[in-house]
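Reading through the structure tokens given below for one structure.
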Number of protein chains: 2
Amino acid sequence: MAVTMRHVAERAGVSVKTVSNVVTGYPHVRPQTRERVERAIAELGYQVNLSARSLRQGRTGIIGLALPELSLPYFAELADSVIRVAEQHGLVVLIEQTGADRARELEVLHSERRRLTDGLLFSPLALEPDETALLEVGYPLVLLGERIFDGPADHVTMANVEGARAATTHLVERGCRRIAVLGAHEGERMGSAVLRLEGYRAALADAGLPFDPALVGPAGAWHRSTGAEAMARLLDTGADVDGVFAMNDALALGALHTLHLRRVAVPQEIAVIGFDDVDDARYSQPPLSSVSPGREQIARTAVQLLVERIAGSVVAPRRVVADFEVAARESTAR
Amino acid sequence: MAVTMRHVAERAGVSVKTVSNVVTGYPHVRPQTRERVERAIAELGYQVNLSARSLRQGRTGIIGLALPELSLPYFAELADSVIRVAEQHGLVVLIEQTGADRARELEVLHSERRRLTDGLLFSPLALEPDETALLEVGYPLVLLGERIFDGPADHVTMANVEGARAATTHLVERGCRRIAVLGAHEGERMGSAVLRLEGYRAALADAGLPFDPALVGPAGAWHRSTGAEAMARLLDTGADVDGVFAMNDALALGALHTLHLRRVAVPQEIAVIGFDDVDDARYSQPPLSSVSPGREQIARTAVQLLVERIAGSVVAPRRVVADFEVAARESTAR
DNA sequence: CTGTTAGCGCTTTCAG
DNA sequence: CTGAAAGCGCTAACAG
């Protein structure tokens, strides 16, 4: 069957332990011995059995990444970044999709598969903020996103309030006075939607503009389709609008779609800005202005925190807020 | 430390083997015994150690998925589908990104990490078609995509020639007579670009239209940016064009971007069709017609083939071509 | 239907 | 600097 350390040891005329020492890079091996072992490894095409190593060490070198779905560009790009960063730490990434479903989010947290990963990066969407007790898991966990605060786990988040405030202010500075917001979650007390709405309201207040509930467009899921529908509903109410802050780019792109169908000129009649700065934003018609939330930084920080936890760090839960910036493009150029 | 089968066995007053039988669902266990074991498991919060199981069985329950990058929507959506299908087979997915880099593609094929996965779904972009020898690996392997033919591995591909032919014919039927193609790879002998160009030419021949090299727009990487550039170059040559077949949706969306900047009306002046039918296509301005290559079917088939190989199937390498259809939208509505 | 035994391939003591 | 022995937690094989 497969070639094991024993085979290598026999061929090199050393003990298994010495082979192990060579493979793991233990420094105190005589150069000559090391070379002999390495030759035997090459000749036999030996590769360590990672299952055996895992069983022995209690580590697998795998981290989990649980997110709503890869079809959403923001999460695809986040996963891309996480995989790259993890690789620099010698880790590989197992991706699990929750579909933003509460039961599946719980399943992911408590699954047997957690025994296969050294830790988990978890981007919850359905768990409620007061359910932090559910996050009392017995393994290294780092949260991504905004829904859970003051939980028992490390937490890397984007600057929701400040980003939304900057986006809205960006519209104000371009002369918008009747600014709608898309993506509100009614009745929610926490999460991105609440925070981004808060930033929107703060910017209006900064500018001395009134908050008009008629300009708030709810949208449960933040997809292009729901963005298109929310925009259509808003226009159907006959609301007077000259700017739109969409809580993410998918909503914004959906809104652009509706505006195009309705022959509303962007940015002349209505300026539009999104949030996330996904790659699509650069190539929509017109190119979409957006808040760039520091995806790279989030991935880098999250993996770093997780690696520290895996190494045994026991400091209190940390919270990191990533930097953001407004990427101004044609959809707000006026 | 962690709670093991022994602890459960002691608590339930049975042997480890019985616990194992319960955990693995072995049917011949007395209901009463089973119940006692299950209660002990629940009380202790026991979970099997998957590393130990893997070591024993020689299987990990993990499959690898190697693709260029998740940031490309087509691959993100493919990964989404693969993860869902794998889950139905009780498998989880480890994603590796090659960046379409030859060295990294080779690394992925021969990495130690392959000892951690039961098999690999591999979407090569850089390996050359005559390098099939490199695919003589000692583990279950299923190829996705088009670059390698007649290799030693199973292979699930989309209908490149027929899809491209149908897309081009779609433009012909809408009255286009000067149809450009974007995404050609000059000097390549195999791969999606070559095949889709072949389909394009076949459709022109079907319609009795001449093939004009001036209407072939090369683009190495199939990104939105390169599509935008290729379209711009084509317009700059002053070529008379009334239709564009882009070899994938990213190129097509980039082309739409350029056409918008140049104030060319789509579809009135130039109709555009892409390939892949990614989610974006539905929400571009105007919505993009595209060839839908059966992503779901590809994922389902690929995982199925891999599962059979993992189970020990030794039939000759199989090749499956997925069904496709043309999704007609506004970008070709005339 | 259930228990005992052995060993998957590795790393970790502990000696030398 | 290297070797011998033990054992990580599980399941396959074989008894009973």
Side-chain angles (χ1 to χ4, degrees), chain A residues 1-38 40-41 44-62 90 112-118 138-139, chain B residues 1-41 44-62 90 112-118 138-139 312:
Chain A
M1 241 219 67
V3 25
T4 83
M5 266 189 183
R6 261 240 325 269
H7 302 134
V8 176
E10 280 164 12
R11 175 142 195 154
V14 298
S15 80
V16 192
K17 169 64 181 157
T18 301
V19 178
S20 176
N21 281 342
V22 169
V23 167
T24 55
Y26 183 69
H28 306 299
V29 177
R30 232 186 330 158
Q32 186 190 341
T33 313
R34 176 182 299 278
E35 205 215 329
R36 229 174 26 205
V37 170
E38 274 165 355
I41 287 175
L44 296 173
Y46 168 76
Q47 291 186 317
V48 279
N49 179 321
L50 295 176
S51 294
R53 176 180 284 178
S54 299
L55 175 57
R56 189 64 246 229
Q57 309 192 128
R59 297 253 199 96
T60 60
I62 310 176
E112 248 170 24
R113 296 185 298 278
R114 292 287 73 74
R115 309 281 325 232
L116 200 63
T117 53
D118 295 340
Y139 54 81
Chain B
M1 239 218 70
V3 27
T4 82
M5 265 189 183
R6 261 239 326 268
H7 302 135
V8 177
E10 280 164 14
R11 176 143 195 151
V14 298
S15 79
V16 241
K17 171 62 184 158
T18 302
V19 178
S20 175
N21 282 342
V22 170
V23 167
T24 55
Y26 182 70
H28 306 298
V29 178
R30 224 176 349 144
Q32 184 188 344
T33 314
R34 175 183 299 279
E35 205 216 328
R36 231 175 21 206
V37 171
E38 274 165 355
R39 192 167 44 238
I41 287 175
L44 297 173
Y46 167 77
Q47 292 185 316
V48 280
N49 180 322
L50 295 177
S51 294
R53 175 180 285 177
S54 300
L55 175 57
R56 189 63 245 233
Q57 308 192 131
R59 297 252 198 99
T60 60
I62 309 176
E112 244 170 26
R113 296 185 298 277
R114 293 288 71 75
R115 309 279 325 230
L116 200 62
T117 53
D118 295 339
Y139 54 82

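Here is how names work: the chains are called A, B, and so on, in the same order as the sequence lines, proteins then strands, and each is numbered from 1.
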Rounded to whole Å, CG of A:Asn21 lies from P of C:dT13 at a distance of 13 Å
Does OP1 or OP2 of D:dC8 have a side-chain N or O of A:Ser54 closer than 4.0 Å? no
Give the nucleotide from the list D:dC10, C:dC1, C:dG3 with an atom nearest to the side chain of B:Lys17. C:dG3
Is there a side-chain contact between A:Tyr26 and the phosphate of C:dT12, meaning an N or O under 4.0 Å from OP1 or OP2? no
Between atom CG in A:Leu55 and atom P in C:dC8, what is the gap in whole Å? 13 Å
With a 4.0 Å cutoff (strictly under), does any side-chain N or O of B:Ser15 reach OP1 or OP2 of C:dG3? yes
Nucleotide C:dG9, atom C1' - distance to CG of A:Asn49 in whole Å: 6 Å
Would one find a side-chain N or O of B:Gln57 under 4.0 angstrom from OP1 or OP2 of D:dC10? no
When you get a sec, tell me which of D:dC10, C:dG9, C:dT2 is the closest nucleotide to the side chain of B:Tyr46? D:dC10
Categorize A:Val16 for me: base, sugar-phosphate, or nothing, with a 4.0 angstrom heavy-atom threshold over every strand shown. base
What is the distance, to the nearest angstrom, from the CD atom on A:Glu35 to the P atom on D:dC1? 16 Å
Rounding to 0.5 Å, atoms OG (A:Ser54) and CG (A:Asp118) come to a distance of 7.5 Å
Among D:dT2, C:dC8, C:dC10, the one nearest any side-chain atom of B:Arg56 is C:dC8
Any chance you could measure B:Arg30, atom CZ, to B:Glu35, atom CD, to the nearest 0.5 Å? 12.0 Å
From CD of B:Glu112 across to P of C:dC10 the rounded distance in Å is 10 Å
Find the distance between CZ (A:Arg56) and CG (B:Leu55) and round it off to the nearest 0.5 Å. 12.0 Å
Residue-phosphate contact under 4.0 Å: A:Ser20 side-chain N/O, C:dT11 OP1/OP2: yes
Whole Å only: how far is the CZ atom of B:Arg34 from the P atom of C:dC1? 10 Å
Rounded to the nearest 0.5 Å, what separation is found between the OH atom of B:Tyr46 and the CZ atom of A:Arg115? 7.5 Å
Between B:Met5 and A:Pro31, just flag the one whose closest nucleotide in DNA chain D comes earlier from the 5' side. A:Pro31
Looking across every strand, which nucleic acid part, if any, lies under 4.0 Å from B:Val48 by heavy atom: base, sugar-phosphate, or nothing? sugar-phosphate
Quick one: is C:dC1 close enough that its OP1 or OP2 comes under 4.0 Å of any side-chain N or O from B:Arg30? no
Would you please confirm or rule out a distance under 4.0 Å between OP1 or OP2 of D:dC10 and any side-chain N or O of B:Ser51? no
Hey, could you give me the CG/CG distance between A:Asn49 and B:Leu116, rounded to the nearest 0.5 Å? 9.0 Å
Using atom CZ of B:Arg6 as one end and atom P of C:dT4 as the other, report the distance to the nearest whole Å. 13 Å
Rounded to whole Å, the CZ-P distance (B:Arg59 to D:dG9) equals 24 Å
Spacing of CD1 belonging to A:Ile41 relative to CZ belonging to A:Arg34, to within rounding of 0.5 Å: 10.0 Å
